[in-house]
> 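One structure follows; several queries about it will come next.
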Amino acid sequence: MEGGLVLLGGGNGGGGGSSGVSTTESAVLSKVEVVSEACSYPAETELELGLGLSLGGGGGGSTGKTKAANSSWGECGRILTAKDFPSVVSQRTNNGGPSSVTVSGTKRAAESVSHDSGSPTGVSQVVGWPPIRAYRMNSLVNQAKAQRGDEGDSGIGEKDKPKDALKKKLIYNGKQTSSATVNEKGYLGFVKVNMDGIPIGRKVDLNAHSSYESLAQALEDMFLRSANSLEKEPLTMASKLLDGSSEFVLTYEDKEGDWMLVGDVPWRMFVRSVRRLRIMRTSEANGLAPRFNESNDTQRSKPI
Amino acid sequence: MQKKTAYSFPDEVLEHVCSFIQSDKDRNSVSMVCKSWYEVERWCRRKVFVGNCYAISPRMVIRRFPEIRSIELKGKPHFADFNLVPDGWGGYVLPWIVEMAEAYPWLEEIRLKRMVVTDESLELVAKSFKNLEVLVLFSCEGFSTDGLAAIAGSCKNLRELDLRDSEVDDLSGHWLNHFPETYTSLVSLNISCLGSDEVSFSALECLVGRCPNLRSLLLNREVPLDKISNILRRAPQLVEFGTGIYAAELHPDVFSNLAGAFSSCKELRSLSGFWDAVPAYIPAIYSVCSGLTSLNLSYATIQNPDLTKLVSHCPSLQRLLVLDYIEDNGLEALASSCKGLQELRVFPSDPFGAEPNVSLTERGLVAVSLGCPKLQSVLYFCRQMSNAALVTIAQNRPNLTRFRLCIIDPKMADYQTLKPLDVGFGAIVEHCKDLRRLSLSGLLTDRVFEFIGRYAKKLEMLSLAFAGETDMGLHHVLSGCESLQKLEIMDCPFGDKALLENAAKLETMRSLWMSSCLVSLGACKTLGQKMPRLNVEVIDEKGPPDSRPESHPVAKLYIYRSVAGPRFDMPPFVWTMNEDSV
């Protein structure tokens, strides 16, 4: 078995110290030696002033280290490599040996992302990458929606589209899967959440959740835990938002501008139509949900 | 006694001389000459820029500079733009407004970037600063149209209201009605960020009509195409204009109306907006194209040949923002028609697509670098790059001051040689001696940082992602880049060693951001405890970092110098590593 980290391609062989350059067909996997160091690295108690750096370690001969590193990797981070970006690599050399240690940037934002969200597609799962502002992302999604003929925020809506838009539609049709992925699973899952009584809203990433329970839990953590001095009211959400036992209910505004109670439609349908969320006082939620009544001990079965 | 009068100016003279000194750096130098110069300077400073609102407290600013008329504050770290900073992190402006309301009643200008601004803050601004002329809220959030109504209603001297890229809660479009009928001083209005229902057209038209000095008007997306003509006709003196959505069914009347309206604006130099633009209406702007110096088409969906044709109509262009629909061919055309180009930004139209949807490669950028001798500032998203191209660009354009390259897929190697892009970026820093801002991407080893540390002596801001191999990389940067102010790093294998060895360097910088790197909790604590003038903040949404071993890497780390000590407004997911609190 090849030593530790995957050495790819010919030329550079076991390039001594730290900067082994991987020149290979795949060309994207790169050695990340220091990763193994971090886990076994003793905590520094003294500042080392001066330049006496000896970072030659971690090079070729770190077979054992890497293996060990791999097992403790559960706790440490991984550095992303090509494996996380299948789109990049035309031919990947899969030696079958221990893969280079990798960080899951995909899970960074919310470790609660359940695996049934699907495997990463391209770069869409990495928070912060590519470095495009949320505002611009929104526009891109709106454009994609418009070109696929969805209703919604684009404003072109019902009218006949000029020929060129049609042409664009053709281009996008070829990419339909990926655009759909952006909408359903892509980066753009952030919706605003406001809670009655709290002046500053928050944002939640819908893509980090695959069920109402998970979302409600996250919201409860967000608003219940924050001991922000700017809040004007104490939070008394002792119990869950979804089952009617709290003094607050979770509502959302859909694409048509209507306010609905969260939980009535299948999750995926909800994700596609939600524009923003509001944690509303129960007393104000009358007329929103026909099934809501004052009985506190009615446990509702949660929709899937 | 004779000596004294021979060598010292009366204060009034020094003050007069100072009034010509506008740059902060120079003012700071003046203040360090001697105590009496320090005193004179602080009483006559009118403008202050606080690059990090947590680096100093409002009281300290007020104590030193009692006569400020203009203040600029920045809050969240830059990576907040890309959703890396959780909501609720901080950057609240209210404490500043509260203090300044008392100390600076004559405040004229407030400029905020990446701060949380509540309606309460805006109402206080409206109440306290009767002379307010400029309010810029750049990438801010937390306020609604109610706050804007308060400003509109009270600030009689307001000249400039700029809300660019801010997130505003839409409650009512009628806030514009709060500008009294007698109000006519508007010079610049940027409401491009507002959503639907946030602007009443009639109020807007009225406002535009009665403000003869209006020079800059950037509308929001919801203003339909057919409303633009009315507005333009009321403001033919406009220099800068941003349309709303630039799409509609083609009606000859609407078109000729629009074209006529544009042609009546003889001073127009800058255009933007163009959301979802359709080619049919593009010719309506041809009459102003020859004079345009700035064009923002980054929300326009038009493609070639229409896009290239449009750009070729604008020979005076100095600044172009565009989607990658322009493709290499379009950029080559740009290079031959726009010889005065200084800034180019090319954004991706489909960043998440698995395959490229347009033919935009390094070729386009090389062409522009060759054809545009004044090119200084580049932001370029693409899917492939080569060392050869980067070297060529560097040699063609040694006058580059800002170079941000984003190769969309992380860790892409040189597509020709399959080598890392170290040498290419090395050439950039070596040739472009005045480079102030650099963003790297692609496959990069420690070597590129060696080059950066050696050559990038004027570099002030560096952004890294998925780069480097060992701590040496970070060490090269921290020890070599003399002018470094801001360093932001995501997903790089940099850990404790380089950070601790260069701890002193951090006090000479504004801030350091590291997320998904390998800095251990222990190192953060060490740094926080040993460096009292640094605020070392660990951001972790999963729970107290103490619940994990000290060798465990922290999720996100934000270090910044501060004379104000650890902040008081940290949310539950931010932990300070400074001594008192640990």
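In what follows, every chain begins at residue 1, and chains take the letters A, B, ... in the order their sequences are listed.
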> Quick one: does Pro348(B)'s side chain get under 4.5 Å of Pro130(A)'s, heavy atoms only?
no
> If I compare all heavy atoms of Trp129(A) with all of Ala465(B), which pair ends up nearest, and what's the gap?
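The pair with the smallest heavy-atom distance is CZ3-CB, 3.5 Å.
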> Between Ile407(B) and chain A, which part of the residue has a heavy atom less than 4.5 Å away: side chain, backbone, both or neither?
backbone
> So which atom in Met490(B) and which in Val127(A) form the shortest heavy-atom distance, rounded to 0.1 Å?
CE-O, 3.9 Å
> Working to the nearest 0.5 Å, report the span between CD1 of Ile408(B) and CD1 of Ile132(A).
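Those atoms lie 6.5 Å apart.
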> Flag the pair Pro131(A) / Arg404(B) as yes when at least one side-chain heavy-atom distance between them is below 4.5 Å, and no otherwise.
no
> Please classify the contact between Ser144(B) and chain A as side chain, backbone, both or neither, with a heavy-atom cut-off of under 4.5 Å.
neither
> Evaluate the side-chain proximity of Arg136(A) to Tyr299(B): yes if any heavy-atom separation is below 4.5 Å, no if none is.
yes
> Heavy-atom distance under 4.5 Å to chain A: side chain of Ser192(B), backbone, both or neither?
backbone
> Taking side chain as everything from C-beta outward and backbone as N, CA, C, O, which of these in Val519(B) sits under 4.5 Å from a heavy atom of chain A? Side chain, backbone, both or neither.
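No part of it gets close to chain A.
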> Given that the side chain runs from C-beta out, which part of Phe381(B) has a heavy atom under 4.5 Å from chain A: side chain, backbone, both or neither?
side chain
> Go through the atoms of Phe143(B) and report whether side chain, backbone, both or neither lie under 4.5 Å from a heavy atom of chain A.
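Neither part, no heavy atoms under 4.5 Å.
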> Could you tell me whether the side chain of Met137(A) reaches within less than 4.5 Å of the side chain of Phe82(B), counting heavy atoms only?
no
> Which region of Pro86(B), side chain (C-beta onward) or backbone (N, CA, C, O), has a non-hydrogen atom less than 4.5 Å from a non-hydrogen atom of chain A, or is it both or neither?
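Neither part; nothing is under 4.5 Å.
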> If the threshold is 4.0 Å, N to carboxylate O, is there a salt bridge linking Arg276(A) and Asp169(B)?
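Yes, Arg276(A) and Asp169(B) are salt-bridged.
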